[in-house]
Amino acid sequence: MCGVGGIYFYKSNEVINLNDLESIQKKLFHRGPDAKGMELISNSLGLIHTRLKIIDISDSANQPFSDHKRNILSYNGEIYNFNELRKDDYQYKTNSDVEVLSVGLALEGIEFLKKIEGMYAFAYWSEEQESLTLARDHVGIKPLYYYDDGQKLIFASEIKAITEVDGVDLELDHASINEYFKLGYIISPDTGFRNIKQLNPGEHIVVSKGIVNHTHVDYVKNFKHKKHLDPVATFSNQLKKSVKSHLVADVPITVYLSGGMDSSSIASCLKEGGQEYSLSTLGNKNANFSEVSKAQYVADRLEKKLLILDNESTSKYSLGDIVYYSDDLICDPALISNYELYEKTSKKYKVGISGDGADELFLGYHVHLATLISESALFKILKPVLKLISKPFVWFSNERSKYPISLKINRFFKFSNYPYPINHLSWRSPDITDLLKNYNEERLVEKANKLNITKEFSLKQSMVRLDLKTYLEGCILKKVDRMSMAHSVEARVPYLSRDFMSYSLGLPENMRMRWGKQKIIMRKYLKKYFSSMVYRQTKRGFGSDLKEVLANVEYKDFLFDNKSNVFNQVVDISKLKLFVDTNKNTYDYFYAIYTLVTFKYWLKIIGRQ
């Protein structure tokens, strides 16, 4: 895991300012504190790199990496099958995956990427072709942002590095800001800045002879159903293969264990495969958010020692720091717990393996059930009656619980009025667009409709593919990458290997969900090892107590300090005051406040007060 960046004046005679390259590099230091490098390929093109040493920790694998033909590569990620991709007739000078990628690109071009099992975002200069290629992996595990004004291309692993360069137009994108307040994140390729974009998953950009070409390969759309004689054995074999490949490293690795189905399946596969591994979990003094007891049960059943990372109050962490490292606009409460998890991990390990991606692939979220119900003809008929029946559950809900039933019910009936896929995208919404002055969701609707593939796939299959391209890439993977990199830890996600995704996307629907029960195939697998406490559990999530998080922020004074003209232009302050004065201490209230505070911190960090 590393930091990538560079500048290319592809249509002007301007000469690169080395201070700009150094500024990009400094902003990415946390992503790779073990080594740094800079390559000025010409007066108009320069690449930088910051390295976190994971595979081949010798200096010979430092980057930017140059081969014997003067092709230059600056790369972030890991290629887990790099040993299998080594050419028999080529004499390698390192034992690194970066050299394998460099040689593969030189000999086969962009087609080489189809052979890769891993995660990546890179910039590659081909001396022979006189072209610069930027590329991002199949599902967007690794980030890559760019600014293109028609004269120059500035690119980096994080937005904050691009904004350091003189002359970058930092106009805010108000359509993206509206999207943030609606969803809690921004769907690729957009960002909070109008002129800074990110590569879509599976996209590559080639700049040659003054022309910029974008090519996108959709890796998640065209998989067809496959039948398996023994579905549980196939699931086990596919996951074992993926998890085993993710253990390739020359530094210590830990597997995160929450006691949930996703991480328990990974740990069980490692036990079956006979691999050596360690297990870690994050403690929490708040019983509503603690995962220790379930994680300990799973570890005991697998006869493995569980490392419980020190549990401390989440209020000790600076929300400003978390927003800074988040980089783009994201307001997932799990950012805080992830920040703490990776901070604790960094004291002992450089790599952590997590179960992210499984809920999207196996329809594991409550929102999947919500969408299926709201789209059913029977619900549309019974909706008035069901709304009336639900009122007592709202009245007597435990508002201090992790995700109170009142929050779910109120959101469900509100967003069930929306058509698919907007309803599906909205279930997790902070739901505070009423507090904005000029809210408009035209672009969001346009994006969502382009991602609506219900004419080609069933609703269940469509939800899987929609989540992979929106919530997974826009929120989950950004959260995992930014919070792990904030502490120089590499996060790996075996459920999202290309082979495992190919297998899972081809599963029959009844192996994902049947009669309202989710993750059918995973439950069947876990039943071999554990009691019903594990294989019958529902989705819990890895959130944080937002009231505790906001305890360190005098949020009323912060929100109403009148120091940010931009904030006051976006948010209707009179409506916000009424909202703050009339709402009680409920989870949805603190979620709304957290979303607003995050936005204002973000404005402060980018200097747009």
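Everything quoted here is computed from the prediction, not taken from an experiment.
Within 6.0 Å of atom CZ in R194, 12 or fewer heavy atoms from other residues, nucleotides or ligands are found, so the atom counts as exposed in its surroundings. Within 6.0 Å of NZ on K387 lie no more than 12 heavy atoms contributed by other residues, nucleotides or ligands. The number of heavy-atom neighbours closer than 6.0 Å to NZ of K241, taken from other residues, nucleotides and ligands shown, is 12 or below.
No hydrogens or angles considered: nothing links the side chains of S462 and T454 as a donor-acceptor pair under 3.5 Å.
Aromatic rings of F558 and Y555 (six-membered ring for Trp) have centroids beyond the 6.0 Å cut-off, not under it. Here F412 and F379 bring their ring centres to under 6.0 angstrom of each other. Close placement of the Y256 and Y342 rings is indicated, their centers lying within 6.0 Å of each other. Checked against a 6.0 Å centroid threshold, the rings of W427 and F413 do not count as neighbours. Taking the six-membered ring wherever Trp is involved, the centroid distance between the rings of F181 and Y439 does not fall below 6.0 Å.
Paired with L576 under the rule side-chain contact (heavy atoms from CB on, under 4.5 Å), one option of D581, I432, L559 passes, and it is L559. Checked against I266 for a side-chain contact (heavy atoms from CB on, under 4.5 Å), the options P494, S354, S242 give a single hit: P494.
A donor-acceptor pair under 3.5 Å is absent between the side-chain atoms of N510 and the main chain of R514, judged by distance alone. A donor-acceptor pair is defined here as one N or O able to donate and one able to accept, closer than 3.5 Å; such a pair exists between the side chain of Y495 and the backbone of D262. R512 contributes no side-chain N or O that, together with a main-chain N or O of L363, makes up a donor-acceptor pair within less than 3.5 Å. The backbone N or O of L302 sits less than 3.5 Å from a side-chain atom of K271, completing a donor-acceptor pair. T281 contributes no side-chain N or O that, together with a main-chain N or O of I308, makes up a donor-acceptor pair within less than 3.5 Å. A donor-acceptor pair under 3.5 Å is absent between the side-chain atoms of D481 and the main chain of L477, judged by distance alone.
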With salt bridge (Lys or Arg N to Asp or Glu O under 4.0 Å) as the criterion, how do K197 and D190 come out once you've worked through the C-alpha distance, each side chain's angles and the decisive distance to 0.1 Å? CA-CA 5 Å; K197 303 294 182 184; D190 299 306; 2.7 Å; yes
Under the salt bridge (Lys or Arg N to Asp or Glu O under 4.0 Å) criterion, do K437 and D572 qualify, and how do the steps go? CA-CA 5 Å; K437 283 184 176 177; D572 189 316; over 6 Å; no
Assess the residue pair S429 and D431 against the criterion (side-chain hydrogen bond (donor to acceptor under 3.5 Å, both in side chains)); give the C-alpha distance rounded to whole Å, side-chain angles, the decisive distance to 0.1 Å, and a yes or no. CA-CA 5 Å; S429 170; D431 194 20; 4.9 Å; no
Set out, in order, the CA-CA distance, both residues' side-chain angles and the distance that settles side-chain hydrogen bond (donor to acceptor under 3.5 Å, both in side chains) for K478 and S326, then state yes or no. CA-CA 8 Å; K478 280 181 185 172; S326 297; over 6 Å; no
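Residues Y180 and D328 are not in side-chain contact: their nearest non-hydrogen atoms beyond the backbone lie 4.5 Å or more apart. Residues L306 and S280 have side chains not in contact (no heavy-atom distance under 4.5 Å, counting atoms from C-beta outward). Looking at heavy atoms from C-beta onward, I187 lies out of side-chain contact with Y471 at the 4.5 angstrom threshold. The shortest distance between side-chain heavy atoms of D359 and K519 falls below 4.5 Å. With contacts defined as side-chain heavy-atom distances shorter than 4.5 Å, the pair I353/V493 does not qualify.
Both tests pass for K577 against the ring of F560: distance under 6.0 Å to the centre and angle within 45° of the axis. Y591 does not carry R428 over the face of its six-membered ring by the limits of under 6.0 Å from the centre and within 45° of the normal.
Counting all heavy atoms, side chain and backbone alike, N178 lies closest to N438 at ND2-O, 3.7 Å. Taking each heavy atom of L372 and M463 in turn, the nearest pair found is CG-CE, 3.7 Å.
Between H424 and Y420, the two ring planes are tilted [angle within 30° to 60°].
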